[in-house]
Amino acid sequence: MSELKVVNSYSRQKEVFTALTPGHVGMYVCGPTVSGESHLGHARPFITFDVVYRYLLHLGYKVRYVRNITDAGHFEEEGREAVDKIADKAVLEKLEPMELVQKYTNLFHWAMKEFNNLEPSIEPTATGHIVEQIEMIKKIIEAGYAYEKNGSVYFNVKKYAENYPYGKLSGRVIDDLLETTRDLSGQDEKLNKQDFALWKAAPPQHIMRWNSPWGEGFPGWHIECSAMSTKYLGKEFDIHGGGMDLQFPHHESEIAQSTICNHHTPARYWLHNNMITINGKKMGKSYNNVIKLTELFSGNHEILEQAYSPMTVRFFILQTHYRSTLDFSNEALQAAEKGFKRIWESYDNLKKLEGTAVTAANPELDEKVNKLLADMDNSMNDDFNTARVLADMFELVPTINSIKDKHINANALSTATIEKLKTYFHTYLEEVLGLRNEKEQNDDKLKGVLDLLVEIRKEARSKKDYATSDKIRNQLAGIGIQMKDEKDGTVSFSY
RNA sequence: GGUACCGUGGCCGAGUGGCUAGGCUGAGGUCUGCAAAACCUCCUACAGCAGUUCGAAUCUGCUCGGUACCUCCA
């Protein structure tokens with residue numbers, strides 16, 4: 001089997017993945033800012049890195065997966081006044097800041113469960129790590145890379161850039177930044193325009209505030225991730241993930257802060273997922289094209305022609321490589337919904353197959369199947385190419401279904417190959433890609449009723465009373481239960 | 001303006017030098033009392049132009065078009 005390779009944003013190259021500590025992986029992923037409801041765009045990184053997490057586990061690594069909750073409120077620059085996003089909204093909704101944060105945290109957790117994402121090992125909050133952040137800022141000041149002004153502390157980017165490769169991750173040139181940075185509040189306090197805040201003095205109306213050596217205030221935009229990744233994963237760890245839009249300035253700043261504090265670049269591999277677009281445009285508040293996850297699941301949004309289930313969305317996202325942009329459309333989602341159904345039904349069929357041959361009667365087919373299975377491993381190892389894994393599975397679907405329908409004899413494949421098929425489908429579909437059946441759970445009473453209807457319909461058909469048999473089937477279809485007459489005379493349902 | 005990235009068949013999307021990915025849609029067929037599903041077959045694309053090469057969707061250059069980041073952002 002091939003070895004795992006990942007595209008490292010930091011080196012801009014595909015590299016062989018090696019764990020810092022053999023057998024263990026430390027992974028940090030930038031989590032949500034819980035000042036509002038999660039939208040479709042948020043689904044991508046958390047599903048992407050859930051699959052990364054799952055695959056690393058599958059490979060046998062012990063993984064510590066840290067994903068933060070940003071609940072301290074980043075800055076929103078509106079005009080001259082810097083307003084804390086969370087505090088501001090709290091006033092609007094007449095809620096306590098922590099009440100608001102709790103509400104959206106709960107909603108976020110609900111969405112993650114719907115997507116069948118595994119829980120991270122640690123989910124630290126920014127507000128819970130104010131002390132660590134202050135300590136880190138102190139260290140940076142001591143090292144001479146930050147300065148205090150009017151109760152705020154800024155990171156000296158220019159000085160940092162003289163000694164370290166600032167801009168390497170995002171491919172930025174520091175002189176260009178000088179030219180293009182806009183006027184922001186507090187700009188006059190900074191030595192240079194590229195400097196960013198580590199600590200901000202809180203204006204009187206600011207609700208979220210903490211004591212610090214520099215007076216009452218709150219932490220800057222980027223320091224929480226540096227503090228929490230260091231605390232839980234160490235000065236150097238394996239993987240840092242997040243959306244591409246965080247590359248600059250967030251991750252670049254994170255690298256700078258951590259490098260000064262820890263005398264080491266934080267992560268060895270930087271992985272960035274690409275954006276989801278709607279009609280070719282990035283989804284975002286500023287574009288006014290946001291589809292919240294609650295709207296997506298309910299279909300309650302003007303762009304949506306129907307509701308899309310969490311697994312449809314997950315499948316849709318995994319059908320594209322995580323580094324490519326993914327364009328949303330009803331057509332694409334509906335295609336994903338059908339594709340997912342097709343692959344899952346084939347998986348159900350596969351589970352019932354029994355091998356009958358020690359040696360494959362059709363060695364060519366047997367070989368083809370094994371080749372496709374091997375390609376699934378190779379595809380995942382090739383920078384988590386879930387799109388190709390699914391394509392391989394789709395190529396196996398006709399073979400599985402043909403055996404089930406007896407178009408192909410079960411002995412065409414060796415028993416070992418059939419067992420391997422079962423193992424691979426289970427492993428990849430459920431464990432690695434994290435997909436699951438969304439059909440209703442088995443209900444014995446409903447089953448009893450359906451069996452009765454099957455019985456009645458069978459009798460009607462034997463008397464060629466098709467009016468009755470069709471009535472049963474059509475009315476069941478009307479309430480969302482599909483009845484299918486199988487080749488062997490049995491009847492199956494999907495609902 | 002600066003810096004990146006991208007442009008694949010009706011739609012979505014893999015693929016980075018030769019071996020027609022895959023899904024959805026559409027057409028025809030097999031099966032079926034009829035359906036549905038399934039299976040089989042068909043629709044053989046890589047923005048344009050020029051170049052490198054025995055050979056390019058894949059490399060190089062130019063042109064056109066698009067997107068992202070530079071500002072909170074997944």
Side-chain angles (χ1 to χ4, degrees), chain A residues 12 29-33 35 38-49 70 73-78 83 85 167 170-173 175-177 179-184 194 221 241-250 272-277 280-287 290 315-316 319-321 323-343 345-346 349 375 379 382 385-395 397-402 404-408 461 464-466 469-470 473-474 477 482-487 492 494:
Chain A
R12 285 140 193 274
V29 173
C30 289
T33 301
S35 61
S38 299
H39 57 72
L40 172 58
H42 293 115
R44 174 100 108 143
F46 304 129
I47 288 172
T48 297
F49 291 106
T70 299
H74 280 177
F75 261 25
E76 210 165 45
E77 254 76 32
E78 283 173 9
V83 183
K85 210 195 275 180
S170 52
R172 222 130 303 220
V173 182
D175 294 331
D176 293 340
L177 292 174
E179 302 302 319
T180 56
T181 306
R182 262 207 232 153
D183 278 345
L184 300 173
Q194 315 93 311
W221 308 350
M244 264 180 191
D245 52 345
L246 295 181
Q247 235 177 69
F248 189 89
H250 186 60
H272 289 102
N273 64 275
N274 217 316
M275 303 290 104
I276 289 184
T277 58
K281 284 261 188 279
K282 189 182 120 174
M283 185 179 302
K285 281 169 208 149
S286 35
Y287 294 98
V290 173
F315 188 83
F316 170 67
Q319 254 191 312
T320 307
H321 185 85
R323 289 182 66 86
S324 301
T325 55
L326 172 58
D327 197 46
F328 171 93
S329 68
N330 282 288
E331 224 180 345
L333 261 291
Q334 284 156 13
E337 186 177 75
K338 285 179 186 168
F340 176 56
K341 191 174 173 228
R342 175 169 156 81
I343 215 165
E345 283 183 357
S346 188
N349 291 335
D375 193 59
S379 297
D382 188 11
N385 197 330
T386 55
R388 238 170 62 204
V389 171
L390 288 170
D392 287 333
M393 288 188 157
F394 273 117
E395 272 201 84
V397 163
T399 302
I400 293 166
N401 289 346
S402 292
K404 179 237 173 194
D405 282 345
K406 314 239 193 288
H407 293 141
I408 295 177
R461 290 183 72 199
K464 295 205 192 288
D465 176 8
Y466 296 122
S469 73
D470 287 354
R473 190 176 59 202
N474 293 339
Q482 269 76 46
M483 195 177 225
K484 287 185 247 174
D485 295 315
E486 299 290 344
K487 282 250 159 59
S492 67
S494 63

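Worth knowing before you read on, the calculation uses all heavy atoms, side chains too, and leaves out hydrogens, waters and symmetry mates.
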Between A:Leu246 and A:Asp405, which is nearer to the 5' end of RNA chain B once each is assigned its nearest nucleotide?
->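 The residue whose closest nucleotide sits nearer the 5' end is A:Asp405.
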Start at the 5' end of RNA chain B and walk down; is the nucleotide closest to A:Gly339 or to A:Asp327 reached first?
->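 The residue closer to the strand's 5' end, by nearest nucleotide, is A:Asp327.
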Measuring only the [atom1] atom in each nucleotide, how far is [N] from [M]? A whole number of Å is fine.
N: B:rC12; M: B:rC54; atom1: C1'; value: 36 Å
N: B:rA57; M: B:rC46; atom1: C1'; value: 4 Å
N: B:rC69; M: B:rG55; atom1: P; value: 42 Å
N: B:rG15; M: B:rU30; atom1: P; value: 39 Å
N: B:rA14; M: B:rC70; atom1: C1'; value: 31 Å
N: B:rG65; M: B:rC49; atom1: C1'; value: 15 Å
N: B:rG66; M: B:rC59; atom1: P; value: 23 Å
N: B:rU8; M: B:rA47; atom1: P; value: 7 Å

Mutual orientation of the aromatic rings belonging to A:His42 and A:Phe46 [parallel < 30°, tilted 30-60°, perpendicular > 60°] =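 Correct class here is parallel.
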Could you label the plane-to-plane angle of the A:Phe315 and A:Phe394 rings as parallel, tilted or perpendicular, counting under 30° as parallel and over 60° as perpendicular?
->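 A:Phe315 vs A:Phe394 ring planes: perpendicular.
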On the nucleotide [N], are OP1 or OP2 found under 4.0 Å from the side-chain N or O atoms that [X] carries?
X: A:His42; N: B:rA74; value: yes
X: A:Lys338; N: B:rU25; value: yes
X: A:Ser324; N: B:rA14; value: yes
X: A:Lys484; N: B:rA35; value: no
X: A:Asn273; N: B:rA74; value: no
X: A:Arg342; N: B:rA37; value: no

Rounded to whole Å, please give me the gap between [atom1] in [X] and [atom2] in [N].
X: A:Arg461; N: B:rA35; atom1: CZ; atom2: C1'; result: 10 Å
X: A:Phe328; N: B:rA74; atom1: CZ; atom2: C1'; result: 17 Å
X: A:Gln194; N: B:rC70; atom1: CD; atom2: P; result: 15 Å
X: A:Arg323; N: B:rU16; atom1: CZ; atom2: P; result: 14 Å
X: A:Lys282; N: B:rA74; atom1: NZ; atom2: C1'; result: 8 Å
X: A:Phe316; N: B:rG13; atom1: CZ; atom2: P; result: 7 Å
X: A:Met244; N: B:rU3; atom1: CE; atom2: P; result: 19 Å
X: A:Gln319; N: B:rA21; atom1: CD; atom2: P; result: 16 Å

Partner set under side chain to side chain donor-acceptor pair (under 3.5 Å) for [X], not counting sequence neighbours:
X: A:Ser346; value: A:Asn401
X: A:Thr277; value: A:Asp327
X: A:Ser329; value: none
X: A:Gln334; value: A:Glu305, A:Gln306, A:Tyr308

Sugar-phosphate, base or nothing in reach of [X], heavy atoms under 4.0 Å:
X: A:Gly280; result: sugar-phosphate
X: A:Met283; result: base
X: A:Lys404; result: nothing
X: A:Val397; result: sugar-phosphate
X: A:Ile276; result: base
X: A:His272; result: nothing

Determine if A:Tyr466 stacks with B:rG33; use a centre-to-centre distance below 5.5 Å and an interplanar angle below 30° as the criteria.
->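 The base of B:rG33 is stacked with A:Tyr466 (centres under 5.5 Å, planes under 30°).
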Side-chain donor or acceptor of [X] under 3.5 Å from a matching atom on the base of [N]?
X: A:Asp485; N: B:rC34; result: yes
X: A:Arg388; N: B:rA21; result: no
X: A:Asn385; N: B:rG15; result: no

In terms of side-chain heavy atoms of A:Phe248, which of B:rA14, B:rC69, B:rA38 is nearest?
->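 Comparing B:rA14, B:rC69, B:rA38 against the side chain of A:Phe248, the answer is B:rC69.
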Which residues pass the salt bridge (charged side-chain N to carboxylate O under 4.0 Å, His left out) test with [X], not counting sequence neighbours?
X: A:Arg461; value: A:Asp485
X: A:Asp245; value: A:Lys282
X: A:Lys484; value: A:Glu345

If you round to the nearest 0.5 Å, how far is OG of A:Ser170 from NE2 of A:His250?
->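 Interatomic distance, A:His250 NE2 to A:Ser170 OG, rounded to 0.5 Å: 13.0 Å.
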Minimum heavy-atom distance A:Ala332-A:Phe316, with the two atoms named =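 Between these two residues, the closest heavy atoms are CB-CE1, 3.7 Å.
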Pairwise side-chain contact, A:Val397 with A:Ile343, heavy-atom cut-off 4.5 Å (strictly under) =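 The answer is yes, as the side chains (C-beta and beyond) meet within the 4.5 Å cut-off.
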Got A:Met275 and A:Arg44 here, is their nearest side-chain heavy-atom distance under 4.5 Å?
->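 Sidechains of A:Arg44 and A:Met275: no contact.
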Identify each atom pair where a protein N or O and an N or O of nucleotides 4-11 of chain B are less than 3.5 Å apart, giving names and distance.
| from | atom 1 | to | atom 2 | distance (Å) |
| --- | --- | --- | --- | --- |
| B:rC11 | O2' | A:Glu331 | OE1 | 3.2 |

RNA chain B base-pair string [pairs: Watson-Crick or G-U under 3.5 Å; |: paired with another strand] | (((((((..(((.....[...))).(((((.......)))))....(((((..]....))))))))))))....
